[in-house]
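Chain identifiers are assigned alphabetically (A, B, ...) following the order of the sequence lines, protein sequences preceding nucleic acid strands; residue numbering begins at 1 within each chain.
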Protein chains: 2
Amino acid sequence: MPAPKTQTLQRQEQIVQAALELINDSGVTGLSIAGIAQKVGIVPSALYRHFTSKDAVLDAVLDLIQQRLMANVAHVREQTPVPLQQLKQLFTRHAGLLNENQAIPHVVFSDAVYTGLPDRRARVAQIIFTYLQEIQAIIASGRQDGTIRKDVVPATAAVMFLGLIMPAAVLWNVSGGNFDMAAHEKSAWPAYERSIAAQNPKEAS
Amino acid sequence: MPAPKTQTLQRQEQIVQAALELINDSGVTGLSIAGIAQKVGIVPSALYRHFTSKDAVLDAVLDLIQQRLMANVAHVREQTPVPLQQLKQLFTRHAGLLNENQAIPHVVFSDAVYTGLPDRRARVAQIIFTYLQEIQAIIASGRQDGTIRKDVVPATAAVMFLGLIMPAAVLWNVSGGNFDMAAHEKSAWPAYERSIAAQNPKEAS
DNA sequence: AAGAATTGTGATTCACAATTCACATTATAT
DNA sequence: ATATAATGTGAATTGTGAATCACAATTCTT
């Protein structure tokens with residue numbers, strides 16, 4: 001029996017979601033038109049009614065990823081005006097996001113990014129750098145209000161912020177979940193804070 | 001004209017080297033039997049005289065990578081007995097290694113790691129964790145001799161050490177070399193050192 | 001130098017996945 | 001209600017890349 005007809009807009013959402021899940025499970029390599037179609041409940045050829053190509057699907061996945069990254073930044077900005085607090089919350093949220101969506105590291109690190117259209121690499125770069133700039137902005141504003149040391153280089157500190165999570169995510173990934181992410185979070189944040197905060201309230205060694 | 005006969009041992013080295021270069025250029029996806037064969041100067045089917053499968057080639061590449069990582073650790077241990085110095089040198093060397101061999105991040109992040117034999121994931125995990133343990137050991141010894149703060153958790157600090165370089169390497173990769181790695185190195189190390197060193201000789205804010 | 005082992009070659013097979021297309025069915029517009 | 005657009009379907013096409021095999025050329029052993 002044929003799948004019920006559904007508007008392209010909804011189908012596109014379903015397809016992107018299915019693609020994301022597929023990548024979560026088996027990486028970009030595991031992303032196939034047939035796989036997506038099956039998850040959505042249509043036949044492979046039907047997919048071409050809603051996307052012109054597999055590449056177009058991947059691009060849409062990139063859109064979704066960027067959206068989620070930015071949503072986290074916006075969220076912590078609403079939560080608190082204190083830069084260090086924003087960073088700490090973003091740290092937790094970012095770790096959670098990568099944890100639930102391993103597709104994100106998979107896509108970012110995928111060499112489909114490099115092999116595919118030359119634009120794609122630039123696209124991924126733009127996503128990361130934009131995210132990085134937001135972090136940088138938070139750090140800069142902390143420097144302004146004196147809660148972050150003046151000798152901290154925002155660009156460097158922002159990259160290090162990513163470095164707080166990225167290797168942990170990789171370890172979690174590669175070990176099949178056999179890595180204590182919670183412990184790392186608990187212990188890494190104070191260390192990072194110590195390296196950028198202007199002064200620790202009564203906690204000299 | 002046929003390629004000159006060459007002993008399997010040498011051919012294996014050539015093949016692994018060619019595979020590494022191929023991955024450097026176009027990721028694990030770009031790794032093909034045909035591609036390797038062409039680089040080596042033999043015909044695709046000839047490759048099967050020296051490796052049983054493409055997977056076997058990938059495994060050999062993993063061997064090579066592990067070897068190079070460990071060589072760096074051994075090297076800095078010979079250079080100086082001071083843990084913080086060892087870390088600093090390893091930092092530079094590790095960054096250089098990833099820079100010259102983008103194959104390393106490519107392979108580690110590749111979903112060929114996840115898609116392939118189930119062993120492979122474990123294999124990669126073992127490589128990274130072993131490397132991590134060496135770093136951890138250096139940090140622990142610094143804690144012993146008092147040059148590194150007692151409240152530093154070696155495991156966490158080791159992961160953060162990786163985080164000093166991993167995101168930078170990704171940025172370098174994704175931006176097509178348009179990221180100032182040297183500047184990052186120069187600025188990131190002091191920040192890291194500040195977060196783990198026992199005391200900075202006369203440099204309070 | 002004869003025979004065995006090693007290495008190289010080209011043709012071929014096999015599986016797999018993206019894409020296209022002619023046709024069927026359902027929704028939408030007038 | 002009827003024409004037109006939108007969506008779904010199965011079959012067929014195409015490309016790709018790994019792996020196998022029978023045979024040729026070379027090297028090694030004795």
Side-chain angles (χ1 to χ4, degrees), chain A residues 1-19 21-23 25-61 106-107 110-117 120, chain B residues 1-19 21-23 25-61 106-107 110-117 120:
Chain A
M1 102 210 79
K5 286 199 171 190
T6 308
Q7 290 231 336
T8 285
L9 238 117
Q10 297 179 37
R11 278 286 189 239
Q12 283 174 337
E13 280 178 15
Q14 295 174 354
I15 288 169
V16 173
Q17 182 57 36
E21 289 171 15
L22 227 47
I23 297 177
D25 292 346
S26 38
V28 179
T29 310
L31 182 68
S32 71
I33 297 290
I36 298 172
Q38 189 173 2
K39 258 192 196 283
V40 172
I42 57 179
V43 115
S45 57
L47 196 144
Y48 290 87
R49 296 287 178 209
H50 315 293
F51 283 95
T52 63
S53 67
K54 189 182 171 184
D55 275 322
V57 175
L58 241 185
D59 281 334
V61 170
H106 271 149
V107 170
S110 156
D111 31 44
V113 165
Y114 305 93
T115 306
L117 314 175
R120 181 126 39 207
Chain B
M1 98 212 78
K5 286 200 170 189
T6 308
Q7 290 233 336
T8 284
L9 239 117
Q10 297 180 35
R11 277 286 189 237
Q12 283 175 336
E13 282 178 15
Q14 295 174 356
I15 288 169
V16 173
Q17 181 58 36
E21 289 170 14
L22 226 48
I23 297 176
D25 292 344
S26 39
V28 178
T29 310
L31 183 68
S32 71
I33 298 290
I36 299 172
Q38 190 174 1
K39 256 193 197 284
V40 172
I42 58 180
V43 115
S45 58
L47 195 144
Y48 290 88
R49 296 288 178 206
H50 314 293
F51 282 95
T52 63
S53 67
K54 188 183 171 182
D55 276 321
V57 176
L58 241 186
D59 281 333
V61 170
H106 272 149
V107 169
S110 157
D111 31 46
V113 165
Y114 305 91
T115 306
L117 314 174
R120 179 127 38 205

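Candidate nucleotides dC21(C), dT7(C), dG8(D) were compared by shortest atom distance to the side chain of S45(A), and dC21(C) ranks first. Closest approach to the Q7(B) side chain among dT19(C), dT7(C), dG8(D) is made by dT7(C) (side chain taken as heavy atoms from C-beta onward). Of the listed nucleotides (dT7(D), dT9(C), dT27(D)), dT9(C) has the atom at the smallest distance from the side chain of A46(B).
S26(A) places a side-chain N or O within 3.5 Å of a backbone atom of L22(A) that can act as its donor or acceptor partner. Judged by distance alone, the side chain of T6(B) and the main-chain N or O of P4(B) form a donor-acceptor pair under 3.5 Å. At distances below 3.5 Å, at least one donor-acceptor pair connects side-chain atoms of H106(B) with backbone N or O atoms of I23(B).
Using a 4.0 Å heavy-atom distance criterion, I36(B) is classed as making no nucleic acid contact. Residue-level contact check: L47(A) touches neither bases nor backbone, having no heavy atom under 4.0 Å from any strand.
For the pair L9(A) CG and dA5(D) P, the computed distance is 20 Å after rounding to whole Å. Atom pair R49(A):CZ and dG10(D):P shows a separation of 14 Å (rounding to whole Å applied). Rounded to an integer number of Å, the gap from CZ of F51(B) to C1' of dA19(D) is 16 Å. The nearest whole Å value for the distance from the CD1 atom in I42(B) to the C1' atom in dT26(D) is 15 Å. Look at CD1 on I33(B): it is 21 Å from P on dT12(C), rounded to the nearest Å. With rounding to whole Å, L22(B) atom CG is found 10 Å from dA18(D) atom P.
Taking only distance into account, the side chain of S32(B) never meets the base of dG17(D) through a donor-acceptor pair shorter than 3.5 Å. One cannot find a donor-acceptor pair under 3.5 Å joining the base of dT19(C) and the side-chain atoms of K54(A). If you check distances only, the side chain of K5(B) never reaches the base of dT27(D) with a donor-acceptor pair under 3.5 Å.
Taking NE2 of H50(B) as the reference point, atom CD1 of I42(B) lies at 5.0 Å (rounded to 0.5 Å).
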